[in-house]
Amino acid sequence: MEVTEADRFLNCVMRRSESDSLFRIGVVLAVTVLCPLFVILICYGWSEEITISMEIGIGLLTWTILFYTLYLEVKSVNLHRIRDAEWIGALASYARSCGHGSDEMDGFLESKGMANSGRAMKASKAAFLLLLAFNIFLVLTMRLATIGEEDSELIVDVMPAVMVVELSVTAAYLFKTVVSHDSVQNEFTSLFVEAMGDVLDVHEPMRTSLTGSRVRLWPHAVLLVVTLGLYSTFFNLLAVRKMNIHVTTQWSYENRLVAAIAKAEGASGIEKDVAGSPKGVKALIGLIQ
């Protein structure tokens with residue numbers, strides 16, 4: 001194929017590993033359960049040999065690990081949304097180049113408000129950096145012995161509650177964002193197959209088990225209150241699982257679209273470069289994603 005709008009969509013699909021992530025539920029469960037649990041055990045003085053300074057240090061470390069995991073979740077969903085903006089734009093342009101486009105498809109991104117994904121990702125990154133700076137400040141302050149015993153105990157007591165709040169807020173954001181985004185993508189692909197179905201012999205829009213679901217956060221809010229925040233861990237896992245479902249379904253669907261477009265364009269084949277194994281920080285992130 002020449003360098004066309006079809007190539008634009010193909011490149012978006014071939015480079016999806018740069019933006020799309022699947023989270024390992026077992027690892028996320030371990031982090032989101034063990035981190036708050038560990039801090040709670042510290043609060044109840046599970047070992048008399050640990051000083052208050054050590055308790056704060058261990059608590060801050062686990063708190064940072066948890067918050068970094070939540071940051072990766074928010075980053076992942078927004079990187080995927082950024083890719084999908086290119087994904088939708090490429091398909092809309094391809095339909096237009098084939099003479100089957102529409103103004104509705106061309107203006108789809110603006111009408112559905114998908115431009116805020118980059119801002120959300122920057123905000124989550126800024127929040128993590130602020131937390132990291134705050135934690136480092138507390139550690140340095142403790143080393144200088146300027147925190148009193150009462151203040152130290154207050155910090156230890158507050159950390160579990162803050163962790164629960166962070167888990168709950170992140171889960172609510174992921175849940176709402178993923179379900180809403182899935183609905184948007186279903187709506188666009190419905191327009192696309194309506195226009196290009198006969199050309200590509202693809203007549204079904206992208207549908208997942210989330211399609212048609214309503215964003216109802218109040219049942220989860222009730223469970224959070226009733227369980228005193230313990231439900232936050234399971235709420236986060238539910239949101240992550242929904243994100244995994246959406247991404248894997250899209251991969252399968254776009255594979256079929258690529259094959260159909262390649263056939264329509266008379267392409268002889270598709271080749272993909274094999275990337276090397278991740279190292280360093282990327283390898284550590286890979287434990288979660």
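Just so it is clear, the model here is predicted, and its values are computed rather than measured.
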Taking the side chain as every heavy atom from C-beta outward, state whether Trp87 and Leu257 have any pair of such atoms under 4.5 Å apart.
yes

Between Asp20 and Arg15, does at least one N-O distance fall below 4.0 Å, as a salt bridge requires?
no

Atom of Ser168, atom of Leu224 and distance for their closest heavy-atom approach
OG-CD2, 3.5 Å

The reported gap from CE in Met163 to CG in Leu70 (rounded to nearest 0.5 angstrom) is 9.5 Å

So which heavy atom on Met105 is nearest to which on Ala195, and how close?
CE-CB, 3.9 Å

Passes side-chain contact (heavy atoms from CB on, under 4.5 Å), His80 versus Gln250? Steps please.
CA-CA 11 Å; His80 178 75; Gln250 179 173 333; 3.0 Å; yes

Is there a chain of hydrophobic side chains (I, L, V, M, F, W, Y, each step under 4.5 Å between heavy atoms) that links Val74 to Phe175?
no

Rounded distance (nearest 0.5 Å) linking atom CD1 of Ile88 with atom SG of Cys12:
10.0 Å

With side chains defined as the heavy atoms from C-beta onward, is the minimum distance between Phe235 and Leu167 less than 4.5 Å?
no

With the side chain counted from C-beta on, respond yes when Tyr94 and Leu200 share a heavy-atom pair under 4.5 Å apart, and no when they do not.
yes

Ignoring hydrogens and geometry, is there a side-chain-to-backbone donor-acceptor pair from Ser252 to Thr248 under 3.5 Å?
no

Begin from the C-alpha positions of Met206 and Asp182 and carry the test side-chain contact (heavy atoms from CB on, under 4.5 Å) through to its verdict.
CA-CA 9 Å; Met206 185 182 125; Asp182 186 84; 4.2 Å; yes

Please check if the side chain of Ser180 supplies one atom and the backbone of Thr177 the other of a donor-acceptor pair under 3.5 Å.
no

Give a yes-or-no answer on whether the side chains of Asn244 and Arg241 include a donor-acceptor pair shorter than 3.5 Å.
no

Hydrophobic cluster membership, Phe67 vs Val28, 4.5 Å side-chain cutoff:
yes

In this structure, CG of Asp84 is separated from CZ of Phe188 (nearest 0.5 Å) by 10.5 Å

Whether over 12 other heavy atoms sit under 6.0 Å from Glu86 CD:
yes

Spell out, yes or no, whether Leu237 and Val179 are grouped together once hydrophobic residues are joined by side-chain heavy atoms under 4.5 Å, including indirect joins.
no

In this structure, CD of Glu187 is separated from CD of Glu104 (nearest 0.5 Å) by 7.0 Å

Kindly write out the residues that satisfy salt bridge (Lys or Arg N to Asp or Glu O under 4.0 Å) with Glu166, not counting sequence neighbours, or none if the list is empty.
none

Indicate yes or no: at least one non-hydrogen side-chain atom of Val240 is less than 4.5 angstrom from one of Leu29.
no

Would Val165 end up clustered with Tyr71 when hydrophobic side chains under 4.5 Å apart are linked, directly or stepwise?
no

Side chains of Thr208 and Gln185 in contact at under 4.5 Å (non-hydrogen atoms):
no

For the residue pair Tyr253 and Val202, establish whether any side-chain heavy-atom pair is separated by less than 4.5 Å.
yes

In sequence, state the C-alpha distance, the side-chain angles, and the governing distance for Asn186 and Thr211, and then conclude on side-chain hydrogen bond (donor to acceptor under 3.5 Å, both in side chains).
CA-CA 7 Å; Asn186 173 259; Thr211 303; 4.5 Å; no

Spacing of OG belonging to Ser102 relative to CG belonging to Leu191, to within rounding of 0.5 Å:
6.0 Å

Which heavy atom in Ala171 sits nearest to a heavy atom in Ala239, and how many Å separate them?
O-CB, 3.7 Å

Same apolar cluster (I L V M F W Y, side chains within < 4.5 Å links), Ile245/Ile25
yes

Answer whether the closest heavy-atom distance between the side chains of Glu73 and Tyr173 falls below 4.5 Å.
no

How close do Ala6 and Glu265 get, counting heavy atoms only, and between which atoms?
CB-CG, 4.2 Å

Answer yes when Glu254 and Arg83 have at least one side-chain N-carboxylate O distance shorter than 4.0 Å, and no when they do not.
yes

Inter-residue atom distance Asp201.CG - Lys263.NZ, 0.5 Å rounding
6.5 Å

Report the residues that fulfil salt bridge (Lys or Arg N to Asp or Glu O under 4.0 Å) with Glu204, sequence neighbours left out, ordered by chain and then residue number.
Arg207

Least distance between heavy atoms, His100 atom then Val199 atom
NE2-CG2, 3.6 Å

Measure the shortest side-chain to side-chain distance between Phe108 and Val184 over non-hydrogen atoms and say whether it is less than 4.5 angstrom.
yes

So does Trp251 get a backbone contact from the side chain of Asn255, meaning a donor-acceptor N/O pair under 3.5 Å?
yes

